[in-house]
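I have placed the structure first, in the form of structure tokens, so that the comments after it can refer back to it.
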Amino acid sequence: MNKHAVYHITETPYAYGKDLNTLVLRIRTAKGDVLKCNIHYKSRYNFKDPYYVKEMKIAAQADLYDYFEAEVSVTRNRYRYYFELVDTSNNTIYFDERGFRKNAPPLEQSSAFQFAYLAEGDIYKESTWLQESVVYQIFLERFNNGDKSNDPKNTAKWGSPVTTNSSFGGDLQGVIEKLDYLEDLGINLIYLTPIFKSSSNHKYNTADYYDIDPEFGTLSIAKNLIKKCHEKGIKIIFDAVFNHSGSDFFAFKDVLDNQENSKYKDWYFIDSYPVNTQNVTYYTFGDGISHMPKLNTHNKDVRDYLLKVGEYWVKEIGIDGWRLDVCDEVDHDFWRAFSKVVKSANKDAIIIGEIMHEANSFLKGDQLDSIMNYPFKFALVDFFGNRTISAEKFHDILSFNRTLYMRSITSQLWNLIGSHDTKRFLTECDDNADRMKLAIIFQFCYQGVPYIYYGDEVGLNGGEDPQCRKCMIWDEGKQNKELFNLYKTMIRIRKNNKALIYGDYKTIYCENNVLVFKRSYEGKSILIAINNSDEEYNIKPPLASTAVDIFTSEKTQLNNGLILEPMKFKIFKL
């Protein structure tokens with residue numbers, strides 16, 4: 001047995017409470033090395049009775065590892081446990097806090113792993129409404145111009161070539177006017193990029209956290225948008241930029257005016273004086289971005305100010321949560337406090353972090369509810385978009401990604417394929433819509449929350465910023481209706497099949513750029529087969545006896561395999 005690969009710790013995601021009476025346990029082993037894994041468990045203070053024994057199941061398989069998982073319960077929520085591992089040669093070893101042993105530890109042995117107490121305050125309360133959502137991101141300046149009276153000077157013609165400093169007049173009224181369109185598409189969660197007062201078109205350099213930018217509208221219009229969204233059953237969240245402010249934010253303006261004598265100098269990280277925006281001597285977003293000075297969230301006054309901002313828009317204005325810009329550069333202690341404030345204002349509000357990599361330290365249940373799942377996005381770009389990785393590698397990347405977090409968190413990850421910070425997915429596909437269609441199918445059938453970047457549904461393309469921020473196409477004659485109808489259909493299919501929301505994920509076949517997987521929940525299963533190649537492929541292993549095509553409702557037999565045409569997919573109810 002490869003003992004080097006065996007790994008377990010008594011914290012998330014290897015040990016955590018699913019609910020007050022259920023402990024989820026996970027252990028990692030070398031791939032294909034362990035034939036069987038049993039968990040031996042009992043109450044922490046029970047030294048007389050034998051351990052309960054439960055066989056663990058493989059929850060995920062990556063290139064190097066298998067991940068076994070089980071749910072266990074004991075009275076009083078106090079646990080001791082150890083693992084029994086049987087390898088492919090039928091050799092058995094036991095694993096506890098002291099490492100490996102040949103024989104099972106005695107009943108009174110104190111070296112078993114301890115999960116001392118499963119406390120109610122440590123149970124993460126997952127968000128069912130978030131898991132059932134389909135997100136639609138709106139980069140407000142480029143979505144729809146609903147009120148020309150607030151257009152900035154030199155507003156360009158809608159749809160004309162975009163530059164870094166372009167203004168097209170998109171605003172909050174423009175979103176209100178398109179709510180029927182969004183309702184028809186089927187989305188139920190809108191994420192708006194920043195709408196607060198700012199000197200830029202993207203608004204990520206905030207000048208006033210309590211004021212709507214006049215180019216976007218007024219507080220009254222924002223309230224009306226929220227009201228109308230809620231009437232249609234659509235949630236809406238705003239974008240918070242708490243890592244940095246704008247250089248025209250009142251506190252930083254005071255630093256510029258009063259230098260060392262400013263009472264706000266400790267709100268920022270000043271390297272030397274004098275401070276000015278020409279010679280950057282202070283910590284900023286990125287490196288040397290003068291108009292985005294970094295805030296010191298460890299400072300009590302900064303913390304209090306930003307926490308009140310977070311509370312105000314949820315409690316007083318009625319937004320359904322926050323997306324947090326660059327949140328991995330803000331300390332954990334601040335986000336713990338932020339979570340408490342926001343959840344006190346609305347227990348159902350959600351907090352989503354912009355983190356482009358593994359983020360377990362933020363997703364243990366006390367800070368964020370989810371992140372923008374960029375590892376998912378980049379994997380889809382490489383497999384479906386530019387086709388630089390194999391199905392096996394694609395499977396490996398996502399399998400590893402599923403092992404990073406609690407299962408409830410994995411079900412809440414925002415599975416984007418594009419955003420305002422990346423190339424459009426259609427451009428990543430060399431404008432080949434068939435590749436994008438396969439990615440959409442996978443996105444809506446995989447674990448997590450599907451995420452649409454405005455315009456993707458009608459075939460909007462574009463490279464790096466600012467080309468990924470083109471104006472929305474509203475001329476139906478220029479829209480890709482096949483993509484739109486596919487998105488609309490997949491949203492409906494997902495909403496009508498709970499297995500695609502809550503179901504387990506299991507890979508059935510992964511070879512030759514063909515991927516077959518199954519989602520199962522409460523006795524119902526959905527089988528998805530995708531051929532991401534230019535050749536017809538015959539999947540020979542039996543997949544099921546009787547299946548129903550989810551698009552045509554026709555019954556078919558899959559016990560002799562399945563023939564997939566090039567660049568095609570099939571979805572079946574089993």
Side-chain angles (χ1 to χ4, degrees), residues 11-13 16-17 119 121-127 130 135 189 191-194 196 204 206 209-210 235 237-245 249 251 266-269 283-286 292-315 319-375 404-406 408-414 416 419 421 449:
E11 65 176 63
T12 306
Y16 64 89
D122 295 329
I123 303 297
Y124 172 68
K125 295 176 177 60
E126 63 187 315
S127 174
L130 173 57
V135 182
L189 173 57
Y191 149 46
L192 286 181
T193 52
F196 304 125
Y204 280 98
T206 309
Y209 289 88
Y210 286 98
K235 306 280 191 180
I237 74 168
F238 285 2
D239 207 329
V241 189
F242 292 163
N243 172 67
H244 53 273
S245 73
F249 180 57
D266 292 331
W267 281 43
Y268 298 93
F269 299 92
Y283 197 174
T284 71
F285 164 71
M292 294 182 177
K294 181 175 175 61
L295 287 161
N296 177 12
T297 53
H298 190 63
N299 178 285
K300 183 179 184 303
D301 292 335
V302 175
R303 285 169 58 93
D304 290 346
Y305 178 87
L306 295 178
L307 292 177
K308 287 177 182 176
V309 170
E311 179 184 50
Y312 169 78
W313 289 95
V314 173
K315 187 175 183 179
I319 65 172
D320 298 290
W322 290 101
R323 181 266 193 186
L324 308 173
D325 189 60
V326 203
C327 75
D328 51 346
E329 295 188 23
V330 177
D331 60 277
H332 295 285
D333 188 53
F334 176 80
W335 292 132
R336 291 187 185 99
F338 185 79
S339 178
K340 289 179 181 178
V341 165
V342 169
K343 303 289 186 178
S344 294
N346 177 1
K347 64 181 177 61
D348 294 322
I350 59 170
I351 303 171
I352 312 296
E354 183 210 20
I355 300 179
M356 293 190 172
H357 49 80
E358 179 274 321
N360 186 48
S361 62
F362 293 87
L363 292 169
K364 293 182 179 293
D366 57 347
Q367 297 169 70
L368 311 181
D369 294 294
S370 179
I371 60 170
M372 299 172 73
N373 193 2
Y374 274 96
L404 295 174
Y405 314 113
M406 296 182 282
S408 55
I409 293 292
T410 299
S411 297
Q412 296 173 183
L413 295 177
W414 278 16
L416 70 162
S419 76
D421 289 323
V449 178

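All values below were derived from every heavy atom in this structure, side-chain atoms included, with hydrogens, water molecules and symmetry-related copies excluded. Here the structure is a predicted model, which means the values were calculated and not measured.
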With Tyr191 via ring-ring contact (aromatic ring centres under 6.0 Å, His included) - residues at least two apart: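 Counting only residues at least two positions away or on another chain, Tyr191 forms a ring-ring contact (aromatic ring centres under 6.0 Å, His included) with Trp414.
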Looking only at heavy atoms, what is the nearest atom pair of [X] and [Y], with distance?
{"X": "Leu130", "Y": "Val449", "result": "O-CG2, 3.3 Å"}
{"X": "Ala359", "Y": "Ile371", "result": "CB-CD1, 4.0 Å"}
{"X": "Gln367", "Y": "Trp335", "result": "OE1-CB, 3.8 Å"}
{"X": "Thr297", "Y": "Phe242", "result": "CG2-O, 3.9 Å"}
{"X": "Ser408", "Y": "Tyr124", "result": "OG-CD2, 3.7 Å"}
{"X": "Met372", "Y": "Leu416", "result": "C-CD2, 3.8 Å"}

How far does [atom1] of [X] sit from [atom2] of [Y], to the nearest 0.5 angstrom?
{"X": "Leu368", "Y": "Gln412", "atom1": "CG", "atom2": "CD", "value": "11.0 Å"}
{"X": "Ile352", "Y": "Asn373", "atom1": "CD1", "atom2": "CG", "value": "11.5 Å"}
{"X": "Leu413", "Y": "Leu363", "atom1": "CG", "atom2": "CG", "value": "7.0 Å"}
{"X": "Ile355", "Y": "Phe362", "atom1": "CD1", "atom2": "CZ", "value": "4.5 Å"}
{"X": "Asp320", "Y": "Phe238", "atom1": "CG", "atom2": "CZ", "value": "9.5 Å"}

So, does [X] use its side chain to make a donor-acceptor pair with the main chain of [Y] at under 3.5 Å?
{"X": "Trp322", "Y": "Gly310", "value": "yes"}
{"X": "Tyr209", "Y": "Val241", "value": "yes"}
{"X": "Glu311", "Y": "Trp313", "value": "no"}
{"X": "Tyr16", "Y": "Lys364", "value": "no"}

Can you name the residues that form a side-chain hydrogen bond (donor to acceptor under 3.5 Å, both in side chains) with [X], not counting sequence neighbours?
{"X": "Ser419", "result": "Tyr374"}
{"X": "Asp122", "result": "none"}
{"X": "Ser245", "result": "Tyr268"}
{"X": "Asp333", "result": "Arg303"}

Could you go step by step and tell me if Ile237 and Leu192 meet the side chain to side chain contact (heavy atoms under 4.5 Å, CB included) rule? CA-CA 6 Å; Ile237 74 168; Leu192 286 181; over 6 Å; no
Are the aromatic ring centres of Phe196 and Phe249 under 6.0 angstrom apart?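 No - the distance between ring centres of Phe196 and Phe249 does not fall below the 6.0 Å cut-off.
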Tell me, please, which residues at least two apart from [X] pass side chain to side chain contact (heavy atoms under 4.5 Å, CB included).
{"X": "Ser411", "answer": "Gln131"}
{"X": "Val326", "answer": "Asn243, His244, Phe285, Asp328, Glu329, Glu354"}
{"X": "Asn296", "answer": "Phe269, His298, Asn299"}

Please test Phe334 against Val302 for side chain to side chain contact (heavy atoms under 4.5 Å, CB included), starting from the C-alpha separation and ending with a verdict. CA-CA 10 Å; Phe334 176 80; Val302 175; over 6 Å; no
Contact check, side chains of Ser361 and His332, non-hydrogen atoms, under 4.5 Å: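 Yes; the side chains approach each other to less than 4.5 Å.
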What residue pairs, at least two apart or across chains, pass ring pair (Phe, Tyr, Trp, His ring centres under 6.0 Å) with a residue in residues 340-360?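 Non-adjacent pairs meeting ring pair (Phe, Tyr, Trp, His ring centres under 6.0 Å): zero.
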Cut-off 3.5 Å, no hydrogens considered: what does the side-chain donor-acceptor table look like for residues 341-351, sequence neighbours left out?
unit_1 : atom_1 : unit_2 : atom_2 : d
Lys343 : NZ     : Ala349 : O      : 2.7
Lys343 : NZ     : Asp369 : OD1    : 3.2
Lys343 : NZ     : Asp369 : OD2    : 2.8
Ser344 : OG     : Lys340 : O      : 2.7
Asn346 : OD1    : Asp348 : N      : 3.0

Test log, rule salt bridge (Lys or Arg N to Asp or Glu O under 4.0 Å), inputs Asp304 and Lys308: CA-CA 6 Å; Asp304 290 346; Lys308 287 177 182 176; over 6 Å; no
Can you sort out the partners of Asp239 under salt bridge (charged side-chain N to carboxylate O under 4.0 Å, His left out), two or more places apart, ordered by chain and number?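 So Asp239 forms a salt bridge (charged side-chain N to carboxylate O under 4.0 Å, His left out) with Arg323.
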Qualifying residues under salt bridge (charged side-chain N to carboxylate O under 4.0 Å, His left out), relative to Asp366, sequence neighbours excluded: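 Expected list: Arg336.
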